Enquirer: 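Dumping the structure here so I can ask a few things about it.
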Amino acid sequence: MTLSICTAQLNFVVGDMPGNAQKIIAAAREAYAQGARLLLTPELAICGYAAEDLFLRPAFIAACDDAVKTVARETAGLKGLAIVLGHPQAVASDAPAFSACRNAASVVRDGRIEQTYAKRELPNYQVFDERRYFVAGTQTCVFEVEGVRLGVLVCEDAWFPAPARDAAAAGAQLLVVINASPFHLGKSAEREATMRERVAETGLPLVYAHLVGGQDEVVFEGRSFALNADGSVAGRGPGFEEKLVFVRVHQAQSAIKIEADIAPEKSLEADLWDALVLGVRDYVGKNGFPGALLGLSGGIDSALVLAIAVDALGAGKVRTVMMPSPYTADISWIDARDMATRMGVRYDEISIKPQFEAFKAALATDFAGLPEDTTEENLQARIRGTLLMALSNKFGSIVLTTGNKSEMSTGYCTLYGDMAGGFAVIKDVAKTRVFDLARWRNANDPYRTGANPIPERIITRPPSAELRPDQKDQDSLPPYEVLDAIVARYMENDEPIESIIASGFARADVERVTRLIKLNEYKRRQAPVGIRVTRRSFGKDWRYPITSKFRA
């Protein structure tokens, strides 16, 4: 006997319950036509993940309930098809200002809800706030489709032994896990390894259905998969794309064997590139922007952001502006023009020299007798930010900022200047990785938008903000390979200062970098949202007070 299972690896929009319901209905009809008798949707598919404080609004939960009923009604004619549907479910609460709900998975079949399972393990770390919104479940859900008994788990449940063990004890022969698990580098391998532990503990095969798409700062990479009872990978869907992934479950007596296609694994750089592209595409598209706009400086960061934007949106939706100052080197605008031509995007030049001189003249009396310093440097960055935002206001395109994680960590960026914009594409990408990605993209053309898009000189020349004569980044910061390593240890992994020093880093460098991280919290609070690609980003992962004396 063979059961065909379809995992609906789909990209949902938070708050678009009618649209999400129709996407699930369409997937159910297609899966049924191809012989599937079980459809797995991702966690909270009805409302999208994560809806944050929308979960606290009774009207939002009511709209989700209506959408669940729509799915049940519209799929009633698909006789024998069971759908595991992710959605929030209201529960009674005595607190009038708090709308308590469960993170639920309902088994929908023949037009009705047969069972509803509530997520038991509620994550409250990294980007997760589930204890703020949900009440934990306590029960087990096992149901049968064509002779196979299936135990339902929701995401975090499968990271702990008890829910899977309880499902096995209740008679499950196969675990089905619906998920919305945000991407970071290496997370896919962690997921499969953890699910392999559940398989080993229970002796049961497992099918893992995963969300795909970008939602504000997080990205979900899909890559749904299935494991046989021996822990071997039986199937794996593609990463970073919508797909109905079909799994064939063969049952002979008590033994179950799974077969499916296995998508090839990709390199770290390919995964990172796909995550950044998907993050930009969905942020721009889901929020209704007609296109994107960025300042193209001739430097490595803006070059990388341009390449990502074109891969995400297409050249016709991306505009670049070069804004030379008195300190802009000729090679900068030459390389900027070259890259814009290679990528086929609109390119304009607006000199900021007149505005810079006007600002200095307006401030001359107050600044009389004082040497030029970062004040004048910041004026240039803020003029550029003003021009970009004016173009954004006039034409509707969103401004993509180009600052990287190394700069965000240390405050090597200008508030209301190069930080001005609507979306920070490489906010969580360290400078050393920026160079790696640039080289990778020049060697690869995954979206067929043009090979070798970044002029080699942009990659090889020493990075500079070009805000004063002969300026180099390393005049103000330690070498990036040192800086990035300290940031990773201190910010991402919470390693103590003394431990970092003991591992071989110079005390002066460690003290300097960690001090800068602390001092610049106020800047990061005012930065645009950006794509999370590491285990810890400057966003929901990082919630430190601005006013604080504690550092290590």
Side-chain angles (χ1 to χ4, degrees), residues 7-28 39-76 81-93 95-120 122-123 127-137 139 141 152-157 176-182 209-216 218 220 282 286-287:
T7 64
Q9 182 175 294
L10 299 176
N11 189 340
F12 297 100
V13 179
V14 166
D16 182 14
M17 279 70 82
N20 295 339
Q22 290 305 314
K23 180 168 277 196
I24 293 165
I25 292 164
L39 178 73
L40 304 178
T41 72
E43 178 181 12
L44 294 169
I46 277 290
C47 60
Y49 194 99
E52 300 182 312
D53 278 11
L54 288 172
F55 288 124
L56 304 181
R57 303 190 72 88
F60 181 81
I61 303 302
C64 292
D65 291 343
D66 290 342
V68 171
K69 293 173 184 174
T70 297
V71 171
R73 182 178 64 252
E74 295 296 321
T75 59
L81 176 70
I83 302 172
V84 177
L85 183 60
H87 65 99
Q89 181 192 51
V91 296
S93 173
F98 177 68
S99 176
C101 60
R102 297 186 180 95
N103 185 338
S106 288
V107 180
V108 178
R109 182 159 36 188
D110 298 334
R112 66 185 185 89
I113 295 176
E114 292 185 350
Q115 296 186 60
T116 296
Y117 172 83
K119 186 175 183 179
R120 291 167 53 171
L122 302 179
V127 298
F128 302 105
D129 282 316
E130 293 204 11
R131 293 178 195 170
R132 177 178 174 87
Y133 308 116
F134 301 123
V135 176
Q139 303 301 311
C141 175
V152 179
L153 304 175
V154 178
C155 203
E156 190 81 357
D157 291 337
V176 292
V177 191
I178 68 170
N179 304 270
S181 177
H210 193 210
L211 181 66
V212 68
Q215 170 59 29
D216 295 347
V218 294
F220 304 92
D282 275 0
K286 290 180 179 180
N287 286 293

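Values below: every heavy atom of this structure, side chains too, minus hydrogens, waters and symmetry copies. Treat the numbers as computed from the prediction; the structure is a model and nothing was measured.
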Enquirer: Please test S181 against H210 for side chain to side chain donor-acceptor pair (under 3.5 Å), starting from the C-alpha separation and ending with a verdict.
Expert: CA-CA 7 Å; S181 177; H210 193 210; 4.6 Å; no
Enquirer: Are the side chains of E130 and K119 in contact, using a 4.5 Å heavy-atom criterion?
Expert: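 A side-chain contact exists here, since the closest heavy-atom pair is under 4.5 Å.
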Enquirer: Walk me through whether L54 and C47 qualify under side-chain contact (heavy atoms from CB on, under 4.5 Å).
Expert: CA-CA 10 Å; L54 288 172; C47 60; over 6 Å; no
Enquirer: Indicate the atoms forming the closest heavy-atom contact of E43 with A180, along with that distance.
Expert: OE1-N, 2.9 Å
Enquirer: Can you find a heavy atom in the side chain of I25 that is under 4.5 Å from one in the side chain of T70?
Expert: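 In contact.
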Enquirer: Do you know which two heavy atoms are closest between G214 and D282, and how far apart they sit?
Expert: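 Of all heavy-atom pairs spanning G214 and D282, the closest is N-OD2, 2.7 Å.
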Enquirer: Can you name the nearest heavy-atom pair linking A105 to V84, along with the distance?
Expert: CB-CG1, 4.1 Å
Enquirer: Hey, does N103 have a side-chain heavy atom less than 4.5 Å from the side chain of L44?
Expert: yes
Enquirer: Is any side-chain heavy atom of N11 closer than 4.5 Å to a side-chain heavy atom of F220?
Expert: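 Not touching, per the 4.5 Å side-chain cut-off.
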Enquirer: Between S106 and V68, is there a side-chain heavy-atom distance shorter than 4.5 Å?
Expert: no
Enquirer: Search all heavy atoms of G19 against all heavy atoms of D16 and return the closest pair with its distance.
Expert: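 Taking G19 first and D16 second, the nearest heavy atoms are N-OD1, 3.0 Å.
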Enquirer: How far does CD1 of I61 sit from NE2 of H87, to the nearest 0.5 angstrom?
Expert: 10.5 Å
Enquirer: With side-chain contact (heavy atoms from CB on, under 4.5 Å) as the criterion, how do M17 and F60 come out once you've worked through the C-alpha distance, each side chain's angles and the decisive distance to 0.1 Å?
Expert: CA-CA 9 Å; M17 279 70 82; F60 181 81; 3.6 Å; yes
Enquirer: For the CD atom on Q139, are there more than 12 heavy atoms of other groups (residues, nucleotides or ligands in this structure) within a distance under 6.0 Å?
Expert: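 For Q139, atom CD is not crowded (no more than 12 foreign heavy atoms under 6.0 Å).
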Enquirer: Can I46 and V71 be said to form a side-chain contact (heavy atoms from CB on, under 4.5 Å), step by step?
Expert: CA-CA 9 Å; I46 277 290; V71 171; 4.1 Å; yes
